[in-house]
Protein chains: 2
Amino acid sequence: MTENRPPDARPAAPPRPGMKEVADRAGVAISSVSRVLSGHRDVSAVMRNRVLDAVAALGYEPDILAQSMRTGETMTIGFIVSDISNPLISEIALGAETVLRESGYGMIVVNSMNESHIELEHISLMNRRRADGLLLSLASETNPTLPSTLERLHVPVVLVDRHMKGLEANHMVHSDHRAGMNEALDRLYSLGHRSIALINGSLAVRPSRERANALRRFAKAHPDLQTSVRSGEFTGTYGYAVAHELLQEPSPPTALIAGSNQILVGVLRALRDLALRVPDDVSLIACDDSPLAEFMSPALDTIKRDPKRLGGEAASVLLALLRGESPDPVTLPTYFEQRASSASPPTTQKEALLR
Amino acid sequence: MTENRPPDARPAAPPRPGMKEVADRAGVAISSVSRVLSGHRDVSAVMRNRVLDAVAALGYEPDILAQSMRTGETMTIGFIVSDISNPLISEIALGAETVLRESGYGMIVVNSMNESHIELEHISLMNRRRADGLLLSLASETNPTLPSTLERLHVPVVLVDRHMKGLEANHMVHSDHRAGMNEALDRLYSLGHRSIALINGSLAVRPSRERANALRRFAKAHPDLQTSVRSGEFTGTYGYAVAHELLQEPSPPTALIAGSNQILVGVLRALRDLALRVPDDVSLIACDDSPLAEFMSPALDTIKRDPKRLGGEAASVLLALLRGESPDPVTLPTYFEQRASSASPPTTQKEALLR
DNA sequence: TTGAAAGCGGTACCAT
DNA sequence: ATGGTACCGCTTTCAA
């Protein structure tokens, strides 16, 4: 107010105040300010008030960078995902962030665009940002550079529904994809399906492998069942191409399982192009739910997991690791939600003749 | 390999190497290491090689915190969103991140869970993290604390499809929601609809207000048109409640516009509960696309915007601001995509009699 | 109970 | 062309 201010100096906002400014204003030492703010005991009430007043007056907010610099902790977790715009992933991220926030951690999400080299770049970047820990939803578990990169890291890492040889089991949070697949397969088989195709995502990640395995096992246990697994990539384009091809084979599968949200979109497009009806002409089962899946006609049968929980559990495990504990390995359930997109297969003989 | 290693010393990983270690190993001064790494000129080839070798050998990675501390720049942008699990938002985030990354910026996304006080907390937190700039998709533009909070900030802020009085126009990126709404309304009107209801999100944010305005204007220009705008919140629950109520009125609207993804889900649920068919009994138009919307039966007519672009433009504007430029205000288009969920209204008289 | 000063890991200025 | 050093904003001994 009564401050001396030359006409054209400091014309704009005052610079961000630091502890120094607070200390000066309160007429105390910098270290005292720090003590008050860190809630240290052995500070007189007078001191506390003087400092707090100055803080309020200046609108002072401690610099987290400087704090991190000193303490060595950034209270930041990095989460590397393939594509945040995938609703499955964004829910996982939300679940993780929620849990981390409760413990005072912030989360930085970065997208690898499903490219391993970007992923590695991001890992390095998070390392340079001194993230206290990493959550990884890898684009590919088979990247040869990865294991050594992770070892070089000086912070704990938790894989989200991914597997990696050599990594301790309690550094990975898994879903039991087989369970859901088996339920779905039981359903299809009992409906009379004897030819089932899985249009699968990339085998470089665990969920796809587990689903493929589940189908193979099921086939082994049911010798009269024809199965085909077409693993490729998590894209609509891929889903379209494979569905289109499979459904035009001489004796096409009577049931399709789409290995991801993105693949599902491609499959639906192919179905539409071929004017095939679900479930009359072919049964369809999706992996992972979408907001509108239950409102489709027919409502889509879905193999579900709880993505928010998956993210939350991964975060919890990471927090435990951060505390130096050795948490138990986590495996989360998946299950089949029957809606209306699977039904008995068309009587193939007849159908074929009619065409 | 041939290293001397006492039995129980350094049993685990060596500590993160710093510039000091690099300098020692290369037998040069710390400042020289810095110069080499910052690509400074005036460094001899010998020096460069010595340093680079040491860096490689040690796997040294510069500490971004320390850099930021000195330079004052964190190369980090904070993005505060209501809910990253909303596909619209996550696409916006992806668009923004992509653009920022190209300029070397990282992005921290945090969720406000649609609560203003969490939003404020996050703004403060980003400030303390010394984010170089902020992207805001506010839960509510009417939070009274907000303007002063933003003024206190010493970094540029860009609002994403939000408006705020007193903020310069080029600090906001807007969508032209009226355009898309008008196209949709033209369509409905020409189909013969004379009673249209907008189940709208919260008026505390611009998109909802613009849509409401568009509908009101349209009504004013078409005196024979009955309209109702029910603004509330962006949730399925709200969408369900309002749709359920509206559709049971004595003379219910013949066309519904759902003001968001979440609202849409509620509306669909209500429609299902009431056993109403789209578009035979009622026409339905969605705001903002969903991956499965085009595969619904009927495929959903949708008022679209390009969320990736929206995020990208917001990021570009922020980058310009960061460079000290004064970018032009941005307004992005929206448009109506006709699919199959709107049709002529049922002949109301007859229908009413038949019931 | 409070103050002074070292140091976290870099950058950049000033000498040499 | 290279080395020495102050400093960024804070925490944390150590003394007083």
Side-chain angles (χ1 to χ4, degrees), chain A residues 14-52 54-55 58-76 124-125 127-132 154-155, chain B residues 14-52 54-55 58-76 124-125 127-132 154-155:
Chain A
R16 208 175 182 280
M19 232 171 215
K20 175 78 162 51
E21 281 69 46
V22 178
D24 286 352
R25 169 139 191 158
V28 302
I30 286 191
S31 44
S32 296
V33 177
S34 174
R35 263 184 299 249
V36 170
L37 264 34
S38 342
H40 242 274
R41 46 191 182 77
D42 291 349
V43 276
S44 68
V46 199
M47 171 68 82
R48 168 164 291 108
N49 289 332
R50 292 178 70 83
V51 170
L52 259 24
V55 166
L58 265 39
Y60 168 75
E61 301 197 305
D63 184 324
I64 297 191
L65 259 54
Q67 286 180 161
S68 299
M69 188 102 236
R70 262 309 304 220
T71 63
E73 295 205 322
T74 57
M75 299 306 281
T76 299
S124 155
L125 224 51
N127 184 36
R128 295 186 44 196
R129 275 184 195 276
R130 292 246 216 120
D132 292 330
H154 295 96
V155 298
Chain B
R16 208 175 181 281
M19 229 170 217
K20 175 76 164 52
E21 281 69 47
V22 178
D24 287 352
R25 169 139 191 158
V28 302
I30 288 193
S31 43
S32 296
V33 177
S34 175
R35 259 183 305 247
V36 170
L37 264 34
S38 350
H40 242 274
R41 47 190 184 79
D42 292 347
V43 275
S44 69
V46 199
M47 171 67 83
R48 167 165 289 107
N49 289 332
R50 291 178 70 83
V51 170
L52 259 23
V55 165
L58 264 39
Y60 167 75
E61 302 196 304
D63 184 324
I64 297 191
L65 260 54
Q67 285 179 162
S68 299
M69 188 103 236
R70 256 319 297 221
T71 62
E73 295 205 322
T74 56
M75 298 307 281
T76 300
S124 154
L125 225 50
N127 184 37
R128 296 186 43 197
R129 276 184 195 274
R130 291 245 216 122
D132 292 331
H154 295 97
V155 297

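First the proteins, then the strands, lettered A, B, ... as listed; each starts at 1. Computed from heavy atoms alone, side chains included, the values below leave out hydrogens, waters and symmetry copies.
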Novice: Please state how far atom CE in A:Met19 lies from atom P in C:dT2, giving the value in whole angstrom units.
Specialist: 15 Å

Novice: Please give, in whole Å, the distance from C:dC8 P to B:Lys20 NZ?
Specialist: 10 Å

Novice: Report the residue from A:Val28, A:Val43, A:Asn49, A:Val22 that forms a side-chain contact (heavy atoms from CB on, under 4.5 Å) with A:Val36.
Specialist: A:Val43

Novice: Between the base of C:dG3 and the side chain of A:Ser32, is there a donor-acceptor distance below 3.5 Å?
Specialist: no

Novice: Take the protein atom CZ of B:Arg129 and the nucleotide atom P of D:dG9, then report the distance between them rounded to whole Å.
Specialist: 18 Å

Novice: Side-chain N or O of A:Ser34 less than 4.0 angstrom from OP1 or OP2 on D:dT11?
Specialist: yes

Novice: B:Val33 near the nucleic acid: base, sugar-phosphate alone, or nothing, with a heavy-atom cut-off under 4.0 Å?
Specialist: nothing

Novice: I'd like to know if B:Arg35 reaches the base of D:dG3 with its side chain such that a donor and an acceptor end up less than 3.5 angstrom apart.
Specialist: yes

Novice: Give the nucleotide from the list C:dA4, D:dG9, D:dC10 with an atom nearest to the side chain of A:Ala29.
Specialist: C:dA4

Novice: Give the rounded distance in Å between these two atoms: CZ of A:Arg16 and C1' of D:dG9.
Specialist: 9 Å

Novice: Rounded to whole angstrom units, what separation is found between the CG atom of B:Leu65 and the P atom of D:dT11?
Specialist: 14 Å

Novice: To the nearest 0.5 Å, what is the distance between CG on A:Leu58 and CD on A:Glu21?
Specialist: 7.0 Å

Novice: Measuring from B:Asn127:CG to A:Arg16:CZ, what's the distance to the nearest 0.5 Å?
Specialist: 4.5 Å

Novice: Got a second to check how far B:Thr74's OG1 is from B:Gln67's CD, nearest 0.5 Å?
Specialist: 11.5 Å

Novice: Need to verify one output field. Residue with the more 5' nearest nucleotide on DNA chain D, B:Ser31 or B:Ala66?
Specialist: B:Ser31

Novice: Are the side chain of B:Arg128 and the backbone N or O of A:Ile64 linked by a donor-acceptor pair below 3.5 Å?
Specialist: no

Novice: Identify, residue by residue, the members of residues 38-50 of chain A with a heavy atom below 4.0 Å from DNA chain C, and return them in order of residue number, or none.
Specialist: A:Asp42, A:Val43, A:Ser44, A:Met47

Novice: Closer than 3.5 angstrom, by distance alone: can the side chain of B:Ser38 be matched with the main-chain N or O of B:His40 as a donor-acceptor pair?
Specialist: no

Novice: Decide side chain to side chain donor-acceptor pair (under 3.5 Å) for A:Arg50 and A:Ser32; before the verdict, give the C-alpha distance in whole Å, the side-chain angles of both, and the deciding distance to 0.1 Å.
Specialist: CA-CA 10 Å; A:Arg50 292 178 70 83; A:Ser32 296; over 6 Å; no

Novice: Between P on D:dC10 and CZ on A:Arg130, what's the gap in Å once rounded to a whole number?
Specialist: 16 Å

Novice: Please state whether the base of C:dG7 and the side chain of A:Arg70 form at least one donor-acceptor pair under 3.5 Å?
Specialist: yes

Novice: According to a strict under-4.0 Å criterion, is B:Gln67 in side-chain N/O contact with OP1 or OP2 of C:dT11?
Specialist: yes

Novice: Find the distance B:Glu21:CD to C:dG10:P and express it as a whole number of Å.
Specialist: 9 Å

